[in-house]
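Throughout, protein chains are lettered first and strands after them, A, B, ... in sequence-line order, and every chain is numbered starting at 1.
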Amino acid sequence: MTIDKTFDPAAIEARWYAHWEDNGLFRPERPEAEPYTIVIPPPNVTGSLHIGHALDDTLQDVLIRHARLKGKDALWVVGTDHAGIATQMVVERQLNAQGRKRTDFTREQFIAKVWEWKEESGGTITRQLRRLGASCDWANERFTMDEGFSKAVLKVFVDLYNQGLLYRDKRLVNWDPGLKTAISDLEVETKEVQGSFWHFSYPLADGSGAISVATTRPETMLADMAVAVNPEDGRYRALIGKSVKLPITGRLIPIVADEHADPELGSGAVKITPGHDFNDFEVGKRAGFKPAEMLNMLDAEAKVVQTADGLIPADYLGLDRFEARKKVVAAIEAEGRLEKVEDRVIQTPYGDRSNAVIEPWLTDQWYVDAETLAKPALEAVRSGAIKVVPESWTKTYYNWLENIQPWCVSRQLWWGHQIPAWYDADGQVYVAEDEAAASALAGGKALSRDPDVLDTWFSSALWPFGTIGWPDQAGQQPPEAYRAGGAGKASKLQRHYPNDVLISGFDILFFWDARMIMQGLHFMGEVPFRTLYLHGLVRAADGSKMSKSKGNTVDPLGLIDKYGADALRFTLTAMESQGRDIKLDEKRVEGYRNFATKLWNAARFAQGNGIGASSSIEPPRAELAVNRWIIAETVKTVQALDLAIADLRYDESANTIYHFVWASFCDWYLELIKPVLAEGADPAQAAETRAVAGWVLDQILVMLHPFMPFITEELWHALGTRDYDIIVATWPMADARAIDPAAQQEIDWLIRMVSEVRAARTGLNVPPGARLPAYARGASEETRRRLAANAVAIARMARIDLAEGDAPAGGAAQVVVDEATYVLPLEGVIDLDAERARLAKGIAAAEKERDSLAARLANPAFVEKAKPEAVEKARADHAEKSLEAEQLGAALARLG
RNA sequence: GGGCGCAUAGCUCAGUGGUAGAGCACUGUGUUCACACCGCAGGGGUCGCAGGUUCAAACCCUGCUGCGCCCA
C-alpha cells in the first residue's frame with residue numbers, strides 16, 4: 001500500500017476504530033496473562049463529551065493501550081451513569097417546553113419517558129468516546145441502572161442497613177426548594193452575597209424589659225423556639241430562664257444559656273430556630289427539644305406553612321420565604337421593635353444544580369454512617385495500600401474523611417434506584433431486596449414502598465466491583481487465589497478487583513473516589529484500586545474556567561475534526577503534568593498535528609527507499625556507526641518511556657517520544673542515511689541500513705501507539721504485511737546490550753561537527769548552496785578515521801568537501817571541534833572582521849566557563865567536600881573548555 | 001480562619017543540589033529528489049522578593065509579596 005502524499009486523519013480514524021471494535025481487539029482473549037484493569041468514570045448517559053472527558057479518557061487509554069502492548073490482559077471497563085438529578089431535570093425541562101409537568105404523569109409513565117430519552121440520546125457520548133479512540137471493552141458496556149448493577153445497589157443498601165451502617169433519621173437536611181429534594185453537603189455551594197443584618201428587640205414576657213437579637217433571616221422568627229445567651233455573659237445572667245413573648249406570633253419562648261451565643265457578636269443574644277438552621281438545631285437539642293418537636297414553618301417549596309402550635313397569623317401562610325421576610329420586617333418595624341438594619345456579606349448556600357438558595361429543613365431521610373466507613377478508607381491511603389498521585393492530595397483526602405458527616409443518600413426524585421424499604425400502616429420500616437422479602441419480614445402486613453431514590457453517587461461508588469460481576473461472583477474464591485496460579489479459572493471479579501489505577505479529576509475526589517474506597521473496602525475487603533491519579537481541569541487558553549455561560553468552551557469533537565484525534569490526544573498527554581490545570585491553546589493541537597504529519601512524511605520517505613516492516617523484535621545486526629547509534633537511541637527512548645509511564649508522568653512520556661522521533665530520527669538519522677541509500681552506494685551497507693531503519697520505525701510506531709493510535713495503525717500496515725495489528729503488537733524491549741558507547745561518541749561528534757560548520761556558514765553569510773573545501777588541522781588519528789568514514793554524510797549535511805594537505809594562504813573560516821580545526825578557505829569573499837568577531841565570541845564563551853570552573857577547582861573546600869564525581873566532571877569540563885579557548889585563540893591569531 | 005498549590009525566555013510549561021531547558025511566538029535564510037503542517041541558523045531569562053543552610057541553591061529552610069483552588 002502506497003502512503004498518500006497528504007495525511008488525512010479523518011479517513012484513517014473511522015476505518016481503524018471500526019476494525020478494532022469489530023475484531024474484538026480491545027479485549028483479546030488472554031486468560032493466562034497478568035490482568036490490568038481500569039474502570040472509566042462513567043459519564044452521564046445522556047451527556048456529551050466535553051474536553052474534561054477527553055483528557056480523562058485519553059490518560060486512561062494511554063495506560064490501557066500500553067498495558068495491552070505489554071501483553072497484559074488489559075480491561076477498560078466502560079459504561080454510563082444514570083445521573084439522577086441531571087437527567088430528570090432534562091426530561092422535566094422537555095415536558096415544561098410542551099406546557100406539561102412531571103406530576104401530570106404517574107411515576108411509571110414519567111420513568112418510561114426518561115428511558116425513552118435515554119434510548120434517544122444515550123449513545124451520543126459513547127459514540128464520541130469512539131471518535132477519541134478510546135479502546136474500552138464495549139462488549140461488556142454497563143449502565144448504573146441495568147439489572148445486574150441495580151442488584152448490587154440494592155444489596156449494598158440492605159447489607160448496610162442490616163449492619164447498622166445505614167439508617168433513617170429525622171434531622172436537618174440541605175433541602176433544594178427548586179428541585180424539591182434533599183441533597184448532600186457536597187452538593188451545596190456556599191457563596192457570599194450582599195445581605196442585611198436586622199436587629200430586633202424581643203419583649204420579655206413579664207414586661208420587665210426587652211432583649212436584642214439580630215438575624216440575617218428574619219422570616220425564621222415565625223418558628224423561633226428560644227433565645228440563647230452565653231452562660232459567661234454577665235449582662236444576661238439574670239435573664240436565663242425567663243421568657244420572651246415573640247412579636248407577630250405571641251409565642252412564649254425561653255431564654256437559654258448556650259456556648260453558641262457569642263458575647264462579641266451583635267448584642268450577644270441570638271434567636272434560636274431549631275427547625276431551620278444547623279447551628280440552632282444543635283442548640284435546640286441541648287436545650288431539650290426533640291427533633292420531632294421542633295417547629296417547622298416551610299413547605300417543600302419554601303413557602304410558609306402553619307407551625308404545629310398554630311400561632312402564625314393566617315396572612316403569612318402561603319407566602320414565599322422572601323416575601324415573608326419583607327412582611328415580618330415590616331410588622332416588626334410597625335411595632336417599633338426594629339432597632340437597626342446593617343449591610344452585611346452573608347455566606348449563603350446554593351444548590352449546585354438548581355442554583356436555588358438551600359433551606360435547612362427538618363425531614364426524615366436515609367443516612368449512611370460515613371464516619372465508620374471512613375476509618376478503613378483513611379487507613380488505606382495512610383498505609384500506602386492506595387497510592388495517591390500527586391501525593392499532595394492526601395492531606396485534602398484525610399481532612400475531609402476525618403471530619404465527615406452522615407451522608408444523606410435519599411433523594412425525592414423518580415429517576416434512580418428506588419430505595420428498597422417498605423412501611424406498614426404504623427410506619428414501621430422493613431428493608432429487603434424485594435417486596436416479597438419485605439413482606440415476609442412484616443409478617444404479611446400490607447406495605448407501601450419508600451418513594452425516594454438513592455443518590456447517584458451511592459450507586460457509582462460500587463462501580464469498581466459492581467461492573468465486573470459483584471455480587472454474583474462474590475465469595476467463590478478469595479482474590480489471592482488467582483495470583484497463586486489459578487489465573488485461568490478465577491472469575492472476572494477475582495482477576496480484575498482491585499483495579500490497577502483510577503483516573504479522575506480532583507473535583508470528584510470526595511463525591512466519587514473517596515466513596516468508592518469506602519464501599520470497596522467494606523464490601524470487598526480490599527481497596528478498589530492501587531493507584532489514584534488525580535488530574536486538573538482543562539481551562540481556556542487564557543486560564544479562565546471553561547463554561548457554557550462564558551461561551552469559552554472548547555469542543556473536543558471540533559478539535560478532532562480539525563486536527564485529528566491523535567493530535568488532540570497527544571496535546572492533552574503532553575500538557576498533563578502532575579498537579580497543574582491545563583491551559584489549552586489550539587496552537588498546541590496544531591503543533592502536534594504537524595508532528596503527526598512529520599511522522600507520516602518520514603514513513604513516506606522510508607517507503608520510497610525500500611524501508612519496510614521489520615521482521616524481528618530484536619534490533620538487526622549492524623556495523624555502521626550511524627545504525628548502531630540509532631539502535632542505542634531507540635533503546636534509551638524505550639527505557640525513558642517505560643520509566644515515565646510507570647511514574648504516570650504523561651508530559652515526560654509524550655516529550656520523550658516526540659523528541660526522539662523529530663530530532664533524533666527525522667533530523668539526524670534519516671538525513672545521515674540518505675547517502676548510504678543513494679544509488680551506487682555499498683549494497684551491504686544499504687541493506688543493513690534498510691533493516692535498521694525499518695526496525696526503528698516499527699519501534700517508533702509501537703511506542704507512539706498509546707498516544708496516537710490511529711496514525712500508527714495506518715502506517716504499521718502501510719509499511720508492510722503484518723501478522724497482527726499494532727494495537728496488539730509487542731512493546732519494544734529495552735535491551736541495554738544494544739547500547740554502543742563508541743558509536744554514540746562518533747555520531748555525537750559528527751552532529752557537533754556538522755552543526756559547527758553550519759553555524760559558521762550562516763554567521764559568515766556563505767550562500768547555502770555553496771560547497772566549500774575543508775582542511776583538517778591538528779586532527780587526531782581517530783578523528784581522521786571518523787572523517788573518512790563519514791565523509792559523504794558530512795559533505796551532504798555541512799556542504800563541505802574534505803581536502804588533503806594544508807589550506808592555501810588567505811582568508812578562511814575556521815571551525816573548532818575538539819582537538820581539530822577545520823579551515824574553510826573563502827578566497828577574498830570572506831568578511832574577515834565578521835570571522836574575527838565570530839571567533840572572539842566563541843573564545844569569550846569558552847573562557848568564561850573555563851575560568852568559572854577554574855575558580856571552583858581552586859577552592860579547597862570544593863575539592864575536599866564535593867562528591868568525587870562532581871570534582872571529576874569539573875576537571876574534565878575545565879580541560880575541554882581550556883582546549884576550546886586555546887584552539888579558537890590560535891585560529892584567531894592565524895587570521896592576523 | 002484552616003489546608004493545598006503556583007510565581008523560570010514574549011506566551012504555555014518542564015527542570016528538586018553541581019555551567020538554565022522544551023514547544024509555540026520572534027529574527028535571518030533556504031523551493032538540496034519525505035515533509036514550507038518543512039529545513040538550517042539565531043536572538044531572548046539577575047529562575048517573584050529578602051534572609052538562611054551548603055564547597056555549591058531555580059531546586060532545601062524561614063519570612064514576605066502577588067495569584068489560584070478547596071474547606072469552615
Can you check side chain to side chain donor-acceptor pair (under 3.5 Å) on A/Tyr669 and A/Glu633, steps first, answer last?
CA-CA 10 Å; A/Tyr669 181 72; A/Glu633 291 296 307; over 6 Å; no
Inter-nucleotide [atom1] distance ([N], [M]), Å rounded:
{"N": "B/U8", "M": "B/G23", "atom1": "C1'", "result": "15 Å"}
{"N": "B/G1", "M": "B/C64", "atom1": "P", "result": "13 Å"}
{"N": "B/A7", "M": "B/U16", "atom1": "P", "result": "13 Å"}
{"N": "B/C13", "M": "B/G45", "atom1": "C1'", "result": "14 Å"}
{"N": "B/G43", "M": "B/A34", "atom1": "C1'", "result": "30 Å"}
{"N": "B/C38", "M": "B/A25", "atom1": "P", "result": "9 Å"}
{"N": "B/A9", "M": "B/U65", "atom1": "P", "result": "23 Å"}
{"N": "B/G68", "M": "B/C61", "atom1": "C1'", "result": "24 Å"}

Go along nucleotides 29-42 of chain B 5' to 3' and tag each nucleotide: B for a protein heavy atom under 4.0 Å from its base, S when only backbone or sugar atoms are that close, - otherwise.
SS---BB-BSSSSS
Within this structure, what is the [atom1]-to-[atom2] distance between [X] and [N], rounded to whole angstrom?
{"X": "A/Glu576", "N": "B/A14", "atom1": "CD", "atom2": "P", "answer": "10 Å"}
{"X": "A/Met575", "N": "B/C11", "atom1": "CE", "atom2": "C1'", "answer": "11 Å"}
{"X": "A/Arg856", "N": "B/G17", "atom1": "CZ", "atom2": "C1'", "answer": "11 Å"}
{"X": "A/Leu534", "N": "B/C69", "atom1": "CG", "atom2": "P", "answer": "18 Å"}
{"X": "A/Glu869", "N": "B/G18", "atom1": "CD", "atom2": "P", "answer": "12 Å"}
{"X": "A/Leu509", "N": "B/G3", "atom1": "CG", "atom2": "C1'", "answer": "13 Å"}
{"X": "A/Tyr650", "N": "B/C13", "atom1": "OH", "atom2": "P", "answer": "20 Å"}
{"X": "A/Arg539", "N": "B/C67", "atom1": "CZ", "atom2": "P", "answer": "16 Å"}

Of all heavy-atom pairs between A/Ala813 and A/Leu764, which one has the smallest distance, and what is that distance?
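That would be CB-CD1, 3.4 Å.
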Name all residues meeting the ring pair (Phe, Tyr, Trp, His ring centres under 6.0 Å) criterion together with A/Phe511; count only those two or more places apart in sequence or in a different chain, and write none if there are none.
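With sequence neighbours excluded, A/Phe511 shows a ring pair (Phe, Tyr, Trp, His ring centres under 6.0 Å) to A/Trp457, given in chain and number order.
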Presence of [X] side-chain N/O under 4.0 Å of [N] phosphate oxygens OP1/OP2:
{"X": "A/Arg649", "N": "B/C13", "result": "no"}
{"X": "A/Lys583", "N": "B/C13", "result": "yes"}
{"X": "A/Arg580", "N": "B/A14", "result": "yes"}

Under 6.0 Å from the ring centre and within 45 degrees of the ring axis: does the NZ or CZ of A/Arg515 meet both conditions for the six-membered ring of A/Trp407?
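Yes, A/Arg515 lies over the aromatic ring of A/Trp407.
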Is it the case that the ring center of A/Tyr533 lies less than 6.0 angstrom away from the ring center of A/Phe506?
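That pair fails the under 6.0 Å test.
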Is the CZ atom of A/Arg171 crowded by more than 12 outside heavy atoms at less than 6.0 Å?
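Yes, because the 6.0 Å sphere around CZ of A/Arg171 holds more than 12 heavy atoms from other groups.
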Testing the 3.5 Å rule here: is there a donor-acceptor pair between the side chains of A/Lys191 and A/Asn355?
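Checked: A/Lys191/A/Asn355 side chains pair up, N/O donor to acceptor below 3.5 Å.
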Would you please say whether a donor-acceptor pair under 3.5 Å links the side chains of A/Glu849 and A/Ser852?
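Not at all, the side chains of A/Glu849 and A/Ser852 share no donor-acceptor pair under 3.5 Å.
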Among residues 386-402 of chain A, which residues get a heavy atom nearer than 4.0 Å to RNA chain B?
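Per residue number, the list reads A/Ser392, A/Lys395.
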Return whichever of A/Glu192 or A/Asp585 has its heavy-atom-nearest nucleotide of RNA chain B closer to the 5' end.
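Per heavy-atom nearest nucleotide, the more 5' residue is A/Asp585.
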If you assign each of A/Lys873 and A/Lys587 to its closest nucleotide in RNA chain B, which residue comes earlier from the 5' end?
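Looking at the nearest nucleotide for each, A/Lys873 comes out on the 5' side.
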Stem finding on RNA chain B, please: runs of three or more consecutive Watson-Crick or G-U wobble pairs, both distances under 3.5 Å, sorted by first number.
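In RNA chain B, stems of three or more pairs: B:1-7 with B:65-71, B:10-13 with B:21-24, B:26-30 with B:38-42, B:48-52 with B:60-64.
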What side-chain donor-acceptor pairs closer than 3.5 Å can you find for residues 793-801 of chain A, not counting sequence neighbours?
{"residue": "A/Arg799", "atom": "NE", "partner": "A/Gly769", "partner atom": "O", "Å": "3.3"}
{"residue": "A/Asp801", "atom": "OD1", "partner": "A/Arg771", "partner atom": "NH2", "Å": "3.0"}
{"residue": "A/Asp801", "atom": "OD2", "partner": "A/Arg771", "partner atom": "NE", "Å": "3.3"}

Looking across every strand, which nucleic acid part, if any, lies under 4.0 Å from A/Asn859 by heavy atom: base, sugar-phosphate, or nothing?
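Touches sugar-phosphate only.
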Check every atom of B/U19, B/C55, B/G18 against the side chain of A/Lys867 and return the nucleotide holding the closest atom.
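The nucleotide sitting nearest to the side chain is B/G18.
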Is A/Glu187 close to A/Asn174 at the side-chain level, that is, under 4.5 Å between some pair of heavy atoms?
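Contact flag for A/Asn174/A/Glu187 side chains = no.
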Contact check, side chains of A/Ser653 and A/Phe707, non-hydrogen atoms, under 4.5 Å
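Yes, side chains in contact.
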Assess whether salt bridge (Lys or Arg N to Asp or Glu O under 4.0 Å) is satisfied between A/Glu576 and A/Arg649, documenting all intermediate values.
CA-CA 8 Å; A/Glu576 172 58 20; A/Arg649 288 306 309 249; over 6 Å; no
Just list the side-chain donor-acceptor pairs under 3.5 Å for residues 588-602 of chain A, sequence neighbours left out, or say none.
{"residue": "A/Arg588", "atom": "NH2", "partner": "A/Tyr592", "partner atom": "OH", "Å": "3.1"}
{"residue": "A/Thr597", "atom": "OG1", "partner": "A/Arg593", "partner atom": "O", "Å": "3.0"}
{"residue": "A/Trp600", "atom": "NE1", "partner": "A/Asp4", "partner atom": "O", "Å": "2.9"}
{"residue": "A/Asn601", "atom": "OD1", "partner": "A/Arg604", "partner atom": "NH1", "Å": "3.1"}
{"residue": "A/Asn601", "atom": "ND2", "partner": "A/Thr597", "partner atom": "O", "Å": "3.1"}

